[in-house]
Each structure stands twice: as C-alpha cells, then as structure tokens.
Amino acid sequence: RLGEASGTVAVDVMGAYDGNYVASPTLGVTGLLVGDADTAMGVVRASNQYVSIPTTALAGNSPWSIAFHFNVTQAAGVWSSLLQDSTDAVHFIAIDGNWIVTSNGATIYVTPMPGAPHDVVLTYDGALLRAYLDGALWPLSGIGGTNPMAAVASNGASTYVHIGGGHSWAGGSQGTFDEVGTWTRAL
C-alpha cells in the first residue's frame, strides 16, 4: 500500500511479494484516499525515485491487474514515468498534461485534471489489455493477443515493474503515489 513510515521495503500486505523503494522516496506523506489514515510515497523527479514491485505472479499469459492512485504535480512539458518495466514493454508517460498509454505500439491520449488525484488500473484478461483512468475505460485499439508481461518474463530482462519513475529516458515523476495493488486476475 506504500504506507511505510521509513525503510527500503514496500511490504506486501498479503505477505507474498514485497517491493523495494529506490533512490529514497519520501515515505509517510499524506495518502490520497480521503478518510484513510494510511500514508503514501512522495517522489521527486530529479532523484528518479520509485517503488519496484515483483512481476512474479504476473508472468506468462495468465490474467493479471495492477492498480494505483497518483497525483503528479510537475510542470507541463515535462516527461514523467508513472508505471513501467525495465524493458519498456508497459509504460505510462505524462507530457504537457496529456497522459499516454503505450504497449505493443498502441497509444492513446487523455487529459486528467492537473494536480488532482487519479486512479489507474491496467488489466490483462488473457486476451486483451485494458486500461482505466478514474474508472473510465481507455480505448486501447490494437492491443490484444499478447501479454506485455509475458514478453518481459520470456526474455528474462525484468522481473519488476516500477511505479513513480525508473524510466531510462523519461525520468521520474514529481508527486504522490498510493495504494498499489497487483492481482492474478483481471479486474
């Protein structure tokens, strides 16, 4: 949930797949869920801070989902990575306030309210990859049949996804990330 007050381990509340905080993000910041005392992770773009979570349960062509809340506060015109794996098979990038989803060559654009919290769900049902922003389905035409995580697992280059940064050319994000969850089913 990214609710640790200190340390380098992002504890999986289910006890199966702990993650790691990279480049010392700020822990214990006010969370993004109203009325929830659980805290969040704050990241600074210049430091490319992020949390790295294992994709062990998301490999192969089995269904999976990843969800998280975010509030990016950096200036327009600045690229940032919200979620990506180290092979760039799956990544979310922000530029000029337009959020872009790319995977297997497909790209779509939506414009969330700047400086406001948002929810992202990326889900694969065994045949189609779908993405949701604030509960609305993004039209990911052209993405289907191939699980991006299967490509990651098959080449052995990555067994983690990074949330909040870690992208080699886009850099990190500036803002808050909260309530990360992974599932071995399509939501």
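These values consider heavy atoms only, across backbone and side chains, with no hydrogens, waters or symmetry-generated copies.
- Shortest non-hydrogen contact noted between T26 and V29 is CG2-CG1, 3.6 Å.
- Using modelled atom types, no side-chain atom of E4 and backbone atom of A10 make a donor-acceptor pair closer than 3.5 Å.
- Summarising the geometry of P63 relative to A186, their closest heavy-atom pair is CB-N, 3.7 Å, with the distance given to 0.1 Å.
- Atom OH of Y17 and atom CD1 of I53 lie 12.0 Å apart (nearest 0.5 Å).
- Grouping the Ile, Leu, Val, Met, Phe, Trp and Tyr side chains by contacts below 4.5 angstrom, directly or via other members, places V121 with W183.
- Hydrophobic clustering keeps L32 apart from I66 (ILVMFWY residues linked when any side-chain heavy atoms are closer than 4.5 Å, directly or through intermediates).
- Applying side-chain contact (heavy atoms from CB on, under 4.5 Å) to Y132 and the options V120, L187, D119, T123 leaves one that passes, T123.
- Nearest approach of G19 to P54, heavy atoms of both residues: CA-CD, 4.1 Å.
- Here the side chain of Q174 pairs no donor or acceptor atom with the backbone of T73 at under 3.5 angstrom.
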Working for side chain to side chain contact (heavy atoms under 4.5 Å, CB included), residues H162 and V22: CA-CA 9 Å; H162 303 159; V22 177; over 6 Å; no
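- In this structure the side chain of R1 never reaches within 4.5 angstrom of the side chain of V180, judged on heavy atoms.
- F177 places a side-chain heavy atom less than 4.5 Å from the side chain of L2.
- In this structure the side chain of M41 reaches within 4.5 angstrom of the side chain of V51, judged on heavy atoms.
- Of the residues N48, T176, V43, T8, the one that meets the side-chain contact (heavy atoms from CB on, under 4.5 Å) test with P25 is V43.
- Interatomic distance, CD1 of I163 versus CD of Q49, reported as 15.0 Å (0.5 Å rounding).
- Note that the CG atom of L122 and the CZ atom of F68 stand 8.5 Å from one another [nearest 0.5 Å].
- Rounded to the nearest 0.5 angstrom, D12 CG and T182 OG1 are separated by 6.5 Å.
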